[in-house]
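So you know, we letter chains A, B, ... as the sequences are listed, proteins then strands, and number each from 1.
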2 protein chains.
Amino acid sequence: MELLFKDLSAELKNRRIHPSYQRIKVLDYLNKNQCHPTVDQIFKDLQREIPTLSKSTIYNTLNLFLKSGLIKVINIENNDAHYDIITKNHGHFKCESCGKIFNFSIDLNTFTTEELSGFKIIDKNVYFKGICPRCL
Amino acid sequence: MELLFKDLSAELKNRRIHPSYQRIKVLDYLNKNQCHPTVDQIFKDLQREIPTLSKSTIYNTLNLFLKSGLIKVINIENNDAHYDIITKNHGHFKCESCGKIFNFSIDLNTFTTEELSGFKIIDKNVYFKGICPRCL
DNA sequence: TCGTTTTTTGTAATGATTATTAAATACTAT
DNA sequence: ATAGTATTTAATAATCATTACAAAAAACGA
């Protein structure tokens, strides 16, 4: 646990982010819960460990992580943003029945089109929607 | 104009949607403005032609069109939804500087992965973000 | 034409996100 | 260490897109 804390702290320092307790806890949560949690999910779970936690801190921290490129936001639906630790290339599938979001691996590097030759591409997202096997 | 009106009316009837004046106007607007307008843009522009128009009607109509598969919603950002008449397969590029959304053609049918073999895929979206040539 | 259903309109309610400000904490230099 | 400064957190208010709801208007059918 102490070692893990050091690792997370170092990861934040690399990104020029001061490793406060709350920030480390959020990063830890995102590492352990790679299930595309929403702000509410992160807040509710962490609040049990940190009773004084504020939802503003979650928003601040996530926006900070976003700007520094630590995480990605998934806007697969228009009501609630989901957050994702950046790992390898993968797409997201959202089940329209149960609402769960699934990963699937996809090589985003193959997506290049001459039409965007003059564009600077910073981020690529692939979103599928449909029904998952359990709901079918 | 009269003929066009009939065409739009027929298109709605095919989808079992009663072709009211407002609905035809919204469909007409989406056909003519394939620039991914937001609700506000549609509302403001059509309000000049239809002074009594309500924004609720825009929301109602767009949701109706969505359910019947006439249009698609683009959630490339979390603040404002954009709407798109369904044409051919294409992806969307959003410039993070000027906010404009560009189309680029991409064959979504090639995106199949064994990982999703048990899933029923209804909809595929490809969103890119970056900087457009004019802003570079 | 009357009664019923559908559509539109306007406003209120909801809910996620941001803005703001004060309290708490961490940091620096003497 | 300590005083002073900067940063971070917390709590609440404000914003804004979207939905819910109810009444007015329009369309429809017998």
Side-chain angles (χ1 to χ4, degrees), chain A residues 5 8-9 12-13 15-29 36-68 70-83 94 99 101, chain B residues 5 8-9 12-13 15-29 36-68 70-83 94 99 101:
Chain A
F5 236 73
L8 296 171
S9 184
L12 290 177
K13 279 182 194 159
R15 306 270 180 167
R16 311 289 165 105
I17 296 173
H18 183 82
S20 72
Y21 178 69
Q22 287 86 342
R23 286 169 182 166
I24 289 175
K25 280 308 222 177
V26 171
L27 184 59
D28 183 40
Y29 183 88
H36 325 95
T38 62
V39 169
D40 264 337
Q41 288 174 278
I42 301 169
F43 173 64
K44 281 183 184 168
D45 287 347
L46 286 183
Q47 203 183 25
R48 272 184 277 132
E49 282 185 77
I50 314 164
T52 63
L53 187 64
S54 162
K55 196 180 274 188
S56 301
T57 301
I58 305 296
Y59 276 104
N60 286 339
T61 303
L62 291 174
N63 285 332
L64 195 65
F65 288 0
L66 265 180
K67 270 194 292 186
S68 71
L70 263 176
I71 61 174
K72 278 185 72 168
V73 62
I74 306 174
N75 288 320
I76 203 167
E77 53 194 343
N78 66 347
N79 47 345
D80 242 327
H82 296 251
Y83 293 88
K94 183 185 179 201
I101 295 176
Chain B
F5 236 73
L8 296 170
S9 184
L12 290 177
K13 277 182 195 161
R15 304 272 180 165
R16 310 291 165 103
I17 297 173
H18 184 80
S20 72
Y21 179 69
Q22 287 87 342
R23 286 169 182 169
I24 288 173
K25 281 307 223 178
V26 171
L27 184 58
D28 182 41
Y29 183 90
H36 327 94
T38 62
V39 168
D40 265 337
Q41 288 174 277
I42 302 170
F43 173 64
K44 280 182 186 169
D45 288 346
L46 286 183
Q47 202 183 26
R48 273 184 276 133
E49 283 184 77
I50 314 165
T52 62
L53 187 65
S54 163
K55 195 179 275 188
S56 299
T57 301
I58 306 296
Y59 277 104
N60 287 338
T61 304
L62 290 174
N63 284 332
L64 195 64
F65 288 179
L66 265 180
K67 269 194 291 184
S68 69
L70 263 174
I71 62 175
K72 277 185 75 169
V73 63
I74 305 174
N75 287 320
I76 203 167
E77 52 195 344
N78 66 348
N79 47 345
D80 242 329
H82 297 252
Y83 293 88
K94 184 186 179 198
I101 295 176

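Atom CG in A/Asp40 sits roughly 9 Å away from atom C1' in C/dA16 (whole-Å rounding). Atoms CG (B/Asn78) and C1' (C/dA16) sit 9 Å apart, rounded to a whole Å. Note: NZ (A/Lys13) to C1' (C/dA26) measures 13 Å, nearest angstrom. In this structure, CZ of A/Phe43 is placed 14 Å from P of C/dT17, rounded to the nearest angstrom.
The OG atom of B/Ser68 lies 8.0 Å from the CG atom of B/Leu12; values are rounded to the nearest 0.5 Å.
Residues forming a side chain to side chain donor-acceptor pair (under 3.5 Å) with B/Tyr83 (at least two apart in sequence, or on another chain): none. For the side-chain contact (heavy atoms from CB on, under 4.5 Å) test, residues two or more places apart in sequence or in another chain that qualify with B/Asp40 are B/Thr38, B/Lys55. A search for ring-ring contact (aromatic ring centres under 6.0 Å, His included) contacts involving A/His36 returns A/His92, not counting sequence neighbours. Residues passing the side chain to side chain donor-acceptor pair (under 3.5 Å) test with A/Lys72 are A/Asp123, A/Asn125, sequence neighbours excluded.
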Next item on the list: Under the side chain to side chain contact (heavy atoms under 4.5 Å, CB included) rule, what do B/Leu62 and B/Ile42 come out as? Steps first, then yes or no, please.
Entry: CA-CA 10 Å; B/Leu62 290 174; B/Ile42 302 170; 4.0 Å; yes
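In summary, contact between chain B and DNA chain D, defined as any nucleotide atom under 4.0 Å from a heavy atom of the protein, begins and ends at D/dA17 to D/dC28 in the 5' to 3' direction.
Each of A/Lys44, A/Arg48, A/Glu49 was checked for a side-chain contact (heavy atoms from CB on, under 4.5 Å) with A/Leu46, and the lone residue meeting it is A/Glu49. For the side-chain contact (heavy atoms from CB on, under 4.5 Å) with B/Val26, the lone residue among B/Leu64, B/Ile58, B/Ile71, B/Thr57 that qualifies is B/Ile58.
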Notebook entry, point to check: How would nucleotides 4-13 of chain C be written as a contact map, 5' to 3', with B for base contact, S for sugar-phosphate-only contact and - for no contact, using protein heavy atoms under 4.0 Å?
Noted result: ---SSBBB--
